[in-house]
Amino acid sequence: MAAPTATASLNASTYSPGDPMTLTVTYGDTDTRPLTVTIVISDAQGNSSPPVRVAAVIDPVSVTVTDDSGRAWTRLSDNGAVAVYRAVA
């Protein structure tokens with residue numbers, strides 16, 4: 001399995017106490033794969049149900065943000081490729 005990749009950037013390089021900090025993380029994993037399972041039920045008379053589909057992800061990734069001051073980072077958004085977090089300096 002391939003290792004996930006990530007890049008990150010803050011909205012500024014310096015902050016005053018109390019300033020909002022916005023962190024943007026772009027991430028991915030080349031071997032993460034979506035999977036769709038299709039199920040059809042049939043009886044002895046040849047009657048069949050309509051197809052039912054269910055989705056799953058093989059090798060999903062998650063983003064965890066911590067810093068060395070113990071600051072709390074709140075996730076503002078995450079679309080599966082880019083996550084945005086906010087904290088207070």
Side-chain angles (χ1 to χ4, degrees):
M1 298 218 156
T5 60
T7 60
S9 63
L10 287 165
N11 64 316
S13 59
T14 60
Y15 298 93
S16 296
D19 284 351
M21 302 170 68
T22 303
L23 173 68
T24 302
V25 180
T26 303
Y27 65 96
D29 189 358
T30 57
D31 64 357
T32 296
R33 300 180 316 272
L35 171 72
T36 302
V37 177
T38 303
I39 300 113
V40 175
I41 305 299
S42 301
D43 64 16
Q45 290 78 32
N47 301 309
S48 296
S49 69
V52 175
R53 290 178 179 81
V54 64
V57 175
I58 306 297
D59 194 23
V61 297
S62 61
V63 178
T64 302
V65 177
T66 60
D67 68 29
D68 57 5
S69 72
R71 181 174 286 105
W73 290 89
T74 303
R75 184 177 63 211
L76 301 179
S77 64
D78 187 346
N79 68 7
V82 178
V84 178
Y85 290 80
R86 171 124 337 128
V88 176

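Just so you know, these numbers use all the heavy atoms, side chains as well, and skip hydrogens, waters and symmetry mates. In this text the structure is predicted, and so the values were computed from the model without any measurement.
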Enquirer: For the CG atom of D29 and the OG1 atom of T5, what is their distance to the nearest 0.5 Å?
Expert: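 Taking CG in D29 and OG1 in T5, the distance rounds to 7.5 Å.
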Enquirer: Give, for atom OH of Y27 and atom OG1 of T7, the distance between the pair rounded to the nearest 0.5 Å.
Expert: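 Separation between the atoms: 12.0 Å.
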Enquirer: Quick check on the hydrophobic clustering: are V54 and I41 connected, directly or via other members, by side-chain heavy-atom contacts under 4.5 Å?
Expert: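 Yes, because V54 and I41 connect within a single hydrophobic cluster, where side-chain heavy atoms sit under 4.5 Å apart.
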Enquirer: Using modelled atom types only, decide if a donor and an acceptor are shared between the side chain of T38 and the backbone of P51 within a distance under 3.5 Å.
Expert: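 Between the backbone of P51 and the side chain of T38 there is no qualifying donor-acceptor contact (under 3.5 Å).
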Enquirer: Using every non-hydrogen atom in the two residues, find where A81 and D78 come nearest and quote the distance to one decimal.
Expert: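 Between these two residues, the closest heavy atoms are N-OD1, 4.3 Å.
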Enquirer: Quick check for you: to the nearest 0.5 Å, what is the distance between N79 atom CG and T26 atom OG1?
Expert: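 OG1 of T26 is found 9.0 Å from CG of N79.
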Enquirer: So, for S49 and V40, which heavy atoms are closest and what is the spacing to 0.1 Å?
Expert: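 Scanning both residues completely, I find the closest heavy atoms to be O-CG1, 3.5 Å.
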Enquirer: Quick check: are there more than 12 heavy atoms from other residues, nucleotides or ligands sitting under 6.0 Å from CZ of R75?
Expert: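 Not buried by this count: 12 neighbours or fewer within 6.0 Å.
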Enquirer: Say whether V63 and V82 are linked into one hydrophobic cluster, either directly or through other cluster members, by side-chain heavy-atom distances under 4.5 angstrom.
Expert: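 Each belongs to a different hydrophobic cluster.
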Enquirer: To the nearest 0.5 Å, what is the distance between CG on N47 and OG on S42?
Expert: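 Reported to 0.5 Å precision, the distance equals 8.5 Å.
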Enquirer: Could you measure the distance from the OG1 atom of T22 to the OH atom of Y85? Nearest 0.5 Å is fine.
Expert: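 The OG1 atom of T22 sits 13.0 Å away from the OH atom of Y85.
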Enquirer: Give the cluster check for V57 versus V37: same hydrophobic cluster or not, with ILVMFWY residues linked at side-chain heavy-atom distances below 4.5 Å.
Expert: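 Looking at the clustering, V37 is in a separate group from V57.
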Enquirer: For the hydrophobic clusters of this structure (ILVMFWY residues joined by side-chain heavy atoms under 4.5 Å, transitively), does one cluster hold both L76 and Y15?
Expert: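 They do not share one cluster, since no chain of ILVMFWY contacts under 4.5 Å joins L76 to Y15.
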Enquirer: Counting N and O atoms only, with roles assigned by atom type, does the side chain of D19 sit under 3.5 Å from a partner on the main chain of A89, one being a donor and the other an acceptor?
Expert: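 A pair under 3.5 Å: no.
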Enquirer: How many angstroms lie between OG1 in T30 and CG in D59, if you round to the nearest 0.5 Å?
Expert: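 Answer rounded to 0.5 Å: 9.0 Å.
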Enquirer: How close do M21 and V88 get, counting heavy atoms only, and between which atoms?
Expert: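 The pair with the smallest heavy-atom distance is SD-C, 4.1 Å.
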